[in-house]
Amino acid sequence: MVDPPRIAYRAWTESFGRLFVTTPYQFAHNAFADALQTTFAHLNDGEESGVMVNVAGRVMLLRRQGKLAFATMRDSSGEVQLFALAAVTEGFEDFAKLHLGDWVGVSGEVVRTKRGELSVKVTSWVRLAEALHNFGDKWAGITDYDLRYRHREADLWANPVTRTSLSRRSEVVRSVRERCWAADFVEVETPILNAIASGSDARPFATHHNALDSDFYLRIAPELWLKRLVVGGFERVFELGRVFRNEGVSPRHNPEFTMLELYAAYWNYSDMMDFTEELVAGVAMDVLGTTEVEYQGRPFSFATPWPRRTMAELTSEAVGEDVSVHTPHERLTAMLAERGVEVHRAWGPGRCLAELFEAACESELWNPIYVTDFPVEISPLARRHQTDSDLTERFESYAVGRELSNGFSELIDPLDQRVRFEDQARLAAEGEPETMHIDEDYIKALEWGLPPTAGLGLGIDRLVMLIADESNIREVIAFPTLKPLSD
RNA sequence: GCGCCGGUAGCUCAAUUGGCAGAGCAUUUGACUCUUAAUCAACAGGUUCCGGGUUCAAGUCCCGGCCGGCGCACCA
């Protein structure tokens, strides 16, 4: 990006001294724009309140009218007009020459102009900082995605919806945390640097610790650590944190994203479904005050209870014939081939059923729904189903055609866990790139005894997308991952 | 990683069949005592993403690259 000539000129000549000499280090701020609009709503046109305030913010618009000047100032709460008069305002000429985007601190009386705009009549003011770049087009803001994402600080001023969506994120995180605390979950932190990246099927980022002369991987999930804390006696734990997956970037995938993971001793997956739907619907109530919203122009409801349907049921309905993990393998692969899915030779019936589900059902699931009873083949950390050992007590919730959460009755048997890891290793040997590695420390932890426990993983970014009605994950991440510019 | 689309002034966008690179806003200068995306006047502002090629002539056509958007794949 090339700076406009005026910037180089200002920076190197006239403003060099002022930047260092006259810019204050502090401002005695005591009022916000939004509160002023409310508090002084009763002021009549042309009326003066007699109340002096100190406000601060950025000059967004500036309209000079001879010996008067009107500026629209925005702070974190909203906007209020600044009304400057040559006869009243100290340094009026300089005020009228402020740049759009400059930060100002203003002292003055709260008044309403003859034309009805609530204003701070400026008696004294100071420029707190100068904006050397503008904040986009007055009408259109900034539309260039590259500029918006690489310089979110400018986007936030140019496009108010950006501020709204990122604020929603903050409110969602706060609500999630408070609801977990209220349910007696203890917030914990587990390692991001791991010798083995486990807990999910994903390619990790690799790094190296110099002093230990060891390779480490950024976590792809905190799952195994959290269950070790349950073994250690923390009966209800959660972690709200960043995980890293070295995979494709898309409107629904960022290489680093935020996940809630939560484990409750003595619960099974049904209990966890109860908790999850109440959590998500509760967050919607906390942030939006309703469970009934529109997502991308289509009605969407967070309302509980969410339907619970097995993967086999949903898939059977979608394909028009009864299928399950016990359907002959050849039949499943044939049906996948009909749908254009390339079948990997390492896929057993469980994986095939899951693939068939994804191809036939997933994108159709609009309102929240639990898909339950996943094949054991694709669920190496989930406990086998009590009535069918080829299935697990696992659920995923889907909303607007995407996975939102994943949970299960945790596999607590160290012997079975070893078998599952070994099955994964066998898949790796057959060329499947993303499988779990055997984690001996984790198996040893299970050998100390994990009580019956249910776990949950919930994608916070995806939840925020629903709440904020955003279709691109980058709109709910302040600084999404972008390719660095090469120069 | 693959496919499609895009990149022109600080920002938002034009530019006919390949024929002098333009506008609005911002910036600079001036006018204006109640403006509301103020208005009016004037000045200035360009490596048309980068590198090649075709052509009398390339923002426009061709090849390669960079960055981005969308879709697919992977995945949450």
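Every chain is numbered from 1, with letters handed out A, B, ... down the list of sequences.
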Any base atoms under 4.0 Å from [X], or only sugar-phosphate, or nothing? Heavy atoms, all strands.
X	result
A/N472	sugar-phosphate
A/G459	nothing
A/Q65	base
A/D45	nothing
A/R150	sugar-phosphate
A/R64	base
A/Y145	sugar-phosphate
A/K483	sugar-phosphate
A/G136	sugar-phosphate

Query raised in the report: Donor-acceptor pair under 3.5 Å: do we get one between A/N134's side chain and the base of B/G10?
Result: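 Such a pair exists between side chain and base.
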From the options [options], select the nucleotide whose nearest atom is closest to the side chain of [X].
X	options	value
A/I473	B/A76, B/A37, B/G68	B/A76
A/H99	B/A76, B/C70, B/U27	B/U27
A/K67	B/U33, B/A76, B/G68	B/U33

Given the [atom1] atoms of [N] and [M], what is the spacing between them in whole Å?
N	M	atom1	result
B/U27	B/C34	C1'	26 Å
B/C72	B/G65	C1'	23 Å
B/A37	B/C20	P	38 Å
B/C61	B/G71	C1'	27 Å
B/C32	B/U17	P	49 Å
B/U55	B/C67	P	32 Å
B/A58	B/G3	C1'	27 Å
B/G19	B/U12	C1'	27 Å

Report task. Would you mind checking if A/R112 and A/E47 are paired as a salt bridge, meaning a charged N to carboxylate O distance below 4.0 Å? Result ->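 No, this pair does not count.
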Report, one pair per line, the protein and nucleotides 12-15 of chain B atoms (nitrogen or oxygen only) whose separation is under 3.5 Å.
{"unit_1": "B/U12", "atom_1": "OP1", "unit_2": "A/T143", "atom_2": "N", "d": "2.9"}
{"unit_1": "B/U12", "atom_1": "OP1", "unit_2": "A/T143", "atom_2": "OG1", "d": "3.3"}
{"unit_1": "B/U12", "atom_1": "OP1", "unit_2": "A/D144", "atom_2": "N", "d": "3.0"}
{"unit_1": "B/U12", "atom_1": "O3'", "unit_2": "A/T143", "atom_2": "OG1", "d": "3.3"}
{"unit_1": "B/C13", "atom_1": "OP1", "unit_2": "A/T143", "atom_2": "OG1", "d": "3.4"}
{"unit_1": "B/C13", "atom_1": "OP2", "unit_2": "A/T143", "atom_2": "OG1", "d": "3.4"}

Query raised in the report: Quick one: does A/W225's side chain have a donor or acceptor within less than 3.5 Å of a partner on A/A221's backbone?
Result: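 Checking the backbone N and O of A/A221 against the side chain of A/W225, no donor-acceptor pair under 3.5 Å is found.
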Query - Sub-6.0 Å ring centroid separation between A/W103 and A/W157 - result: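 Between A/W103 and A/W157, the centre distance is under 6.0 Å.
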Query raised in the report: Do the non-hydrogen side-chain atoms of A/R394 and A/T372 ever get within less than 4.5 Å of each other?
Result: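 No, their side chains stay 4.5 Å or more apart.
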Query raised in the report: Given side chains that start at C-beta, do those of A/V55 and A/L82 come closer than 4.5 Å, heavy atoms only?
Result: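 Result yes, sub-4.5 Å side-chain heavy-atom pair found.
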Report task. For A/N367, check side chain to side chain contact (heavy atoms under 4.5 Å, CB included) against everything at least two apart and list the hits. Result ->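 Testing A/N367 for side chain to side chain contact (heavy atoms under 4.5 Å, CB included), a comparison that skips the adjacent residues, returns A/F300, A/S301.
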Once you round it to whole Å, what is the distance between [atom2] of [N] and [atom1] of [X]?
X	N	atom1	atom2	value
A/L132	B/C11	CG	P	15 Å
A/K114	B/U36	NZ	P	15 Å
A/L118	B/C34	CG	P	19 Å
A/R63	B/U33	CZ	C1'	15 Å

Query raised in the report: Among A/F185, A/Y269, A/F395, whose ring-ring contact (aromatic ring centres under 6.0 Å, His included) with A/F275 holds?
Result: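 Between A/F275 and the candidates, ring-ring contact (aromatic ring centres under 6.0 Å, His included) is satisfied uniquely by A/F185.
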Query raised in the report: Among residues 68-85 of chain A, which residues get a heavy atom nearer than 4.0 Å to RNA chain B?
Result: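 Residues of residues 68-85 of chain A that come under 4.0 Å of RNA chain B are, in numerical order, A/L68, A/F70, A/Q81, A/F83.
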Report task. If B/G64 has a Watson-Crick or G-U wobble mate with both distances under 3.5 Å, name it; if not, just say none. Result ->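 B/C50 - that is the nucleotide pairing with B/G64, both distances being under 3.5 Å.
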Requested in this report: Tell me whether A/F257 is stacked on the nucleobase of B/A76, counting only the six-membered base ring and applying the 5.5 Å and 30° thresholds.
Outcome: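 By the stated criterion, A/F257 and B/A76 stack.
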